[in-house]
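A short write-up of the structure that comes next.
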Amino acid sequence: MANWLLKTEPDVFSIDDLAAAGKQGEPWNGIRNYQARNFLRDMTPGDRVLIYHSSCAEPGIVGEGEVISAPAPDPDALNPESPYYDPKSSADNNRWSVVQVRYIRHWPGVLSLKTLKAMPELENMALLRQARLSVSPVTDAEWQHLEQR
DNA sequence: GCCAACGTTGGC
DNA sequence: GCCAACGTTGGC
């Protein structure tokens, strides 16, 4: 079992939207970065995910969800109508993947990026090490530090 | 809205 | 295969 962090822009899709989706969850689609996709492909049903709000007033961790499907080809990559359409993908060779994610809970308040940066235990956290990575791994130790915060 | 960081593309 | 140009992410 592994832990991950998923960035989302709350103006586009927030943790409240994920909560509203209920038990059946929501496809985490539109990942168009190879490194992020490779992490997606390592996901297993039951993995825990932190939900992180980016490009907003207070960027940070807002809650928690769960992976509820195995990785699958992302159908949006094949749909010319989709903003996530990728002309270089085909049914035979879809470059992109998607998993289904469901809401678990909000965390109390926003655990802000500023706070995360101030925690020495998180010095090596992938989120902080690498800007612009929308799917990243979280170690058990990191998760614990965050949860106890 | 600016711009740093960094990924991708394409000419050579 | 190199690397300049370009595009995108995301904090501020």
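Just so we're clear, the structure is a prediction, and the values are computed from it rather than from any experiment.
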Exercise. With hydrophobic residues grouped by side-chain heavy-atom distances under 4.5 Å, do A:Trp28 and A:Leu5 end up in a single group?
Worked result: no

Problem set entry | Qualifying residue for side chain to side chain contact (heavy atoms under 4.5 Å, CB included) with A:Glu142, from A:Leu128, A:Asn3, A:Leu122 | A:Leu122

Exercise. Across the strands shown, which category fits A:Ser55 at heavy-atom distances under 4.0 angstrom: base, sugar-phosphate, nothing?
Worked result: base

Seminar exercise, completed: Nt span of DNA chain C in reach of chain A heavy atoms at under 4.0 Å, 5' end first, is C:dG7 to C:dC12

Exercise. Is the NZ or CZ atom of A:Arg48 both under 6.0 Å from the centre of the six-membered ring of A:Trp143 and within 45° of that ring's axis?
Worked result: yes

Exercise. When we call it a touch if two heavy atoms are under 4.0 Å apart, what does A:Lys114 touch: a base, just sugar-phosphate, or nothing?
Worked result: nothing

For this session: May I ask you to say what A:Glu9 touches in the nucleic acid, namely base, sugar-phosphate or nothing, with a heavy-atom cut-off under 4.0 Å?
Result: nothing

Exercise. side-chain hydrogen bond (donor to acceptor under 3.5 Å, both in side chains) with A:Tyr84: which residues, sequence neighbours excluded?
Worked result: none

Problem set entry | Ring centroid separation A:Tyr85 to A:Trp96 under 6.0 Å | no

